[in-house]
Each structure stands twice: as structure tokens, then as C-alpha cells.
S.K.: 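Have a look at this one before I ask anything.
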2 protein chains.
Amino acid sequence: MTRRGEFEQIAALFAPLTRGDPAALGLRDDAAVLTVPPGRQIVITTDAIVAGVHYLPDDPPDLVARKLVRVNLSDLAAMGAEPVGLFAACAFPRTCTDAWAEAFARGLGEDGEAFSVPILGGDTVATPGPAVFSLTALGTLPTGQALRRAGAAAGDLLAVTGTLGDGAFGLRAARGELDGGLDAESVAWLADRYRLPQPRLGMGVALRGIASAAMDVSDGLLQDLGHLCRASGVGAEVTVGTLPIAPAVAALQGRDDWLEVVAGGGDDYELLIAVPPHRRDALLAAGQAAGVAVTVIGHCTAQTGVRLRGADGALIEGLGQGFRHF
Amino acid sequence: MTRRGEFEQIAALFAPLTRGDPAALGLRDDAAVLTVPPGRQIVITTDAIVAGVHYLPDDPPDLVARKLVRVNLSDLAAMGAEPVGLFAACAFPRTCTDAWAEAFARGLGEDGEAFSVPILGGDTVATPGPAVFSLTALGTLPTGQALRRAGAAAGDLLAVTGTLGDGAFGLRAARGELDGGLDAESVAWLADRYRLPQPRLGMGVALRGIASAAMDVSDGLLQDLGHLCRASGVGAEVTVGTLPIAPAVAALQGRDDWLEVVAGGGDDYELLIAVPPHRRDALLAAGQAAGVAVTVIGHCTAQTGVRLRGADGALIEGLGQGFRHF
């Protein structure tokens, strides 16, 4: 750390974000030193975002930072881990103002506070190009209890937390593409869902010992369910009518691409969960304990592939396979 | 992980770099899950590099990757940690060819092999700007035995591994700025020292229980010694004539800026070590055990500030304070 960093910038922006955690060593050493409690494993995930690719250039910097934190925490939630620290590698454009960088750091701090997770280290560099930020999140969980994508069996129930389609319609809302077609309050709610997803950390913890497989829905239900099924060696059948839909998304149901966006759009950061049928009550109880809506949307099948059924029971064909940035 | 990645690229480029480590979960889950042996702590460091800022645009991509690995491993060495895994966040330019990305990944793999450290996760994204890579390295060490920058006391000896000035003159060699002033073999040797520093991992481990303070020399001896002194609440006196100099750097001694480059230039990635005087023999034995030259260059003082003395014992004034990228 700090080889290329502006020492003053690190000290001013990031040192206050350590929340006094001794593992950070005040951001003044070559690395952080973390003690993992006995009987626990450490869980590590990394995500990178680029200005103009993964966020809108005029997005408020604190919200950009908070979304980056939440996307990483969502990966920890999907594994059933509890966060212990964040490492931020920030390539700020040479034209970046102090105010922008300060607001970005403030966002890291706000969500550090909201999720009780300290910044334990990082690096800041200057780039002649657009901003690139990468965040590495560390969490811990009891040894051997990580939720995995592999593990679902034919007959297992499939469930999701929260509501689907908010992220993808939220991006359109944030871009102003839904103005006029939806009331202003719904547009604002959707844009907020896109900008500030809710990592389901409590639910991830509650699912340990209950779920046979889990992951977060970041690339769209169909694509992510495909990943879970391939990892588990099963297929899946999902009934469209059971998909949990927020009122703001329900209000858009007349659109031609509605189902494609709901089932194929990304950025929801809800948990996709498989559980053996006899654990249905435990699943619903976990949702209640975590304060998160949980909806059963289908089941795993021995036949591979992901199938979507309409209200009439007929298969729906030709839906896209999720949102990709490349 | 993988939210925004090209799944195929991750599978093709990075999955082979896990070296079969089960912690990587085949790069197919939302995060890696690492078991830390009982009685050990985990050490984490992050570094970011930008094309055209931290490496030359026409540098071979495998060497760019290997230097990034080594810079991170040097931070682990400075803490006395043994590496256990790497996480790579890669923002490849949209114009980046498959061949370039493959060569970059090959470099990660080569040094993963050389230092027996697997890639355990990462993210790949596309950027309209220059490439930005960040690497997070994890290591472990016995609980409570991390080498710190704080801990040096007045009277402690100061030592460095290897030779100084190779990195800074190596950058000039790589840029062709030393052509003509130095034989071709020396130019190539220096450029190699700049492009492929040697993380002193064995020495870091050997220093546990011996050094009172340590860090790696990445921003230049004077600046980094200043960091160590401030963290320890001491000052330092260094004798120029004792600085370890490689033959290729000795051959450049006629240059006006020679001492400034040797003592103030960056990119050496040697270890700077403080030891109590009664551990001098243990320090030299550690160097022999690790197969690394160790040279005593001065001592810590109660008077704060870093002072450099010439052969005549007189103080040398007005040297720069190290290499900064900003």
C-alpha cells in the first residue's frame, strides 16, 4: 500500500474510515493485519467499476462509492459471510477535484458506518483516463458453512429475496427514460434501487445450514439461475406469476420488454436461494428473522436448462440471457 | 466477483492460475473462501497501476503483470508474511487485444508459479481509457509477529537488503536514457531490475523476532526511512559510503544526480530494517539463511529527521525527498 499513493490524500480521506479498527494499523504500514477468530474462515471478493461504464458520469460520487461497497457486500451475503473489512484501490482522473474525491470517500464512510465495516487499506493513483475503482471485501463465517452455487438438487425449491426488475428499470429511471411513463415518486424509488442496492447480509447469515445453494442476482435472474444450475448439475423451472414485483415495476407491466427486463435485467442484488422442500418453513422463518421478503419462484429439475412458465403453464421462449457490460 | 466480468475471459485466462487451490472455488462462486491456520493472522495489501503512469505503454504485458505481483509480494515481505493468494481486478482497454490480455494473464501465472501463490479471485471489466490493474495480496504469519514500521529505537542499527538505486536507474535504462553512457549488458541488467523487482519474502520471514521495525523501499530510501522514523518516533543517520551499490550503478557514479537517484529514487523493493545492536549477528545470519545481501547503512537517533553523511563525516544537505508519481 501507499507506494504510489498521495500520502496526504490517504491520510485525509481514508484514515478516518478505518473506524479505529486495529487491523488497519492506521493505514500507516505496508499492509493490514487481521485476526480471524478460531473456527472461522475468511471470505474474499473483488469488484471493479469504471466511470461511464458501470455508473453514470454525473452520478453523485458518494452514491458511486456506496454502490461499490454494496455490490461487494452482496457477494459476501451470497456466501453467508459477515463483513470485516474493505480495501479500496482508487484510480482518480487527473482532472478529479478534491471535492469529488472527498464526496467519494464520504460515501465509503457512510456505508462503512451503515454496515459496520471499516476500510482497512487501499491505494490511490492518478489516471489520465476515466476513474476506475476496485474494492476488495473480506468477511468471515463458521468453517465449512459457506453458501455455494453448487449444491442444489432436483426437487429443491427456488426462492429470491426482495423484488426483481428494480435494478434494470432503476437504471432507465436514473437515465430519465421513464419520465412521463411513471409518477415521479416511483421514478425516484426505482432510481434509488439502482443506485443503492441492499446487500442481504442478515439473510445470508440466516441461510447458513438451510440453503442447499445460493448466489446473488447481479446479472439478471435467468443468467444467474443458469450459473447456479450449471454449478449444481440441475435445471430449473420458474413460474412468471410468482416473481416478486414492486409496485413501481408492476405499473410498467404494459411494456413490450417488461418480462425480459424483470427476468433478464441486472443490478437487483437480491439473493437467489435453493432449499430442499422440507426446509421451506425454515427458509420463510429465516426471511422473517432477517426482515426480508422471501418468495418461492420455482424449483430445480433433473432436466438441465432454465425454463420459464407463464400463467397458463406454457413455456415462454426467446427471452434474453441477462445484462452484460461487454 | 464476475458481476461485470466476461465469464469466458475469466474462465480462459484466470481459472488456470488458481493452481488448484480449493480456496478459489474454481472462480465459479461469488467469493473465495480461505482457511487461516490456527495461531496465524492474515495480512492484506492492495496496489493499483495505470498504463502510461506506472509502466511504459510498450512494456511486455507479462512483465507488467509480474511486476504488479512482485510489488504486492514486497509489501507482504515487509510485514514478514508468507503469501497465500492474489485477487486481480483488471480494467482492460476496449482496444486491448486478446493476445495482450493472454500475455498479461500468463505473467500472473508465471509469478504465481515462481512464488507458489495462486490467483483466488478477481474481476475483469472494460474501460474506454488506459488499462488500470489492481492486485490484492493476502498472506499469513504467526499471530503477533508482524513486522511494523513503528518499533525502532534510538541506537538501533539500520540495514537494507540487496542494492539501492537499481530501480530508479533501471527506469532510465528501460526508457533508453542510459544508452551510450553504459555498456549494453549493464543497461539490460538495470532495466530488468526495474521491471522485475525481487520481493524479499524469505528475508521477511527470517526477520520475525529479530527486526524492531521494517518496511520495503519503494519510494526511495530517504522518503521511506522518513516514514519508518516518524512511525517509530526516532531519527536516523545514514553514511553514504556504506550504501550497497551494484556494479551497473557504480559505473554511473560520475553523474550529477547520482546520489539523489540512489538515495531518493524509487522502485527498489528492498527491505529497510531496524534491529537492536545486540541482534546484528542474528540479522546477518538471517540474510545468509535467506540468501540475500544485508548491509548496515546507519543507525537510529533520538534526534528526529533523516541525516545523510558523506565520507568525510559532513552532513549532505538538499537531497530530494523521493520519487512521487503525482
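Computed from a prediction, not measured in an experiment: that's the story for all the values here. Numbered from 1 within each chain, the chains take letters A, B, ... in sequence-line order. Every heavy atom of this structure was used, including side-chain atoms; hydrogens, water molecules and symmetry mates were not.
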S.K.: Identify which part of A32(B) has an atom lying under 4.5 Å from any heavy atom of chain A, answering side chain, backbone, both or neither.
M.R.: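 Backbone plus side chain of A32(B), per the 4.5 Å heavy-atom cut-off to chain A.
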S.K.: Are L138(B) and I44(A) side-chain neighbours, meaning at least one heavy-atom pair lies under 4.5 Å?
M.R.: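 Yes - at least one pair of side-chain heavy atoms lies under 4.5 Å apart.
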S.K.: Counting heavy-atom pairs under 4.5 Å with chain B, which one of L135(A), L147(A), T136(A) comes out on top?
M.R.: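 The answer is T136(A).
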S.K.: Shortest non-hydrogen contact from T45(B) to D30(A)?
M.R.: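 T45(B) and D30(A) have their closest heavy atoms at OG1-O, 3.2 Å.
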S.K.: In terms of heavy-atom pairs under 4.5 Å with chain A, which of P130(B), C90(B), A91(B) leads?
M.R.: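 Answer, by heavy-atom pair count under 4.5 Å with chain A: P130(B).
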S.K.: Can you list the residues of residues 77-87 of chain A that sit under 4.5 Å from chain B, counting heavy atoms only?
M.R.: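 Near chain B, by residue number: A78(A), M79(A), F87(A).
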S.K.: For a quick test of reading the model, state the closest non-hydrogen atom pair linking A89(B) to T46(A) and the distance between them.
M.R.: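 Minimum heavy-atom separation between A89(B) and T46(A): CB-CG2, 3.6 Å.
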S.K.: Who among R40(A), R148(A), Q41(A) has the most heavy-atom pairs with chain B under 4.5 Å?
M.R.: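 Heavy-atom pairs under 4.5 Å are most numerous for R148(A).
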S.K.: Which of these, T140(A), T35(A), I42(A), sits in a side-chain contact (heavy atoms from CB on, under 4.5 Å) with V36(B)?
M.R.: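 Passing option: I42(A).
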S.K.: Which atom names give the shortest non-hydrogen contact between V53(A) and P128(B), and what distance separates them?
M.R.: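 So the minimum-distance heavy-atom pair works out to CG2-CD, 3.7 Å.
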S.K.: Would the distance check show the side chain of D123(A) and the main-chain N or O of A48(B) forming a donor-acceptor pair, the cut-off being under 3.5 Å?
M.R.: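 Confirmed, D123(A) side chain pairs with A48(B) backbone.
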S.K.: How many angstroms lie between OG1 in T127(B) and NE2 in H54(A), if you round to the nearest 0.5 Å?
M.R.: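 Reported value, rounded in 0.5 Å steps: 9.0 Å.
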S.K.: Heavy atoms only, distances under 4.5 angstrom: which of L34(A), V43(A), V50(A), T143(A) has the most pairs with chain B? Name it, please.
M.R.: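 Heavy-atom pair counts peak at L34(A).
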S.K.: Out of curiosity, L228(A) CG to R28(B) CZ, how far, rounded to the nearest 0.5 Å?
M.R.: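 Separation between the atoms: 13.0 Å.
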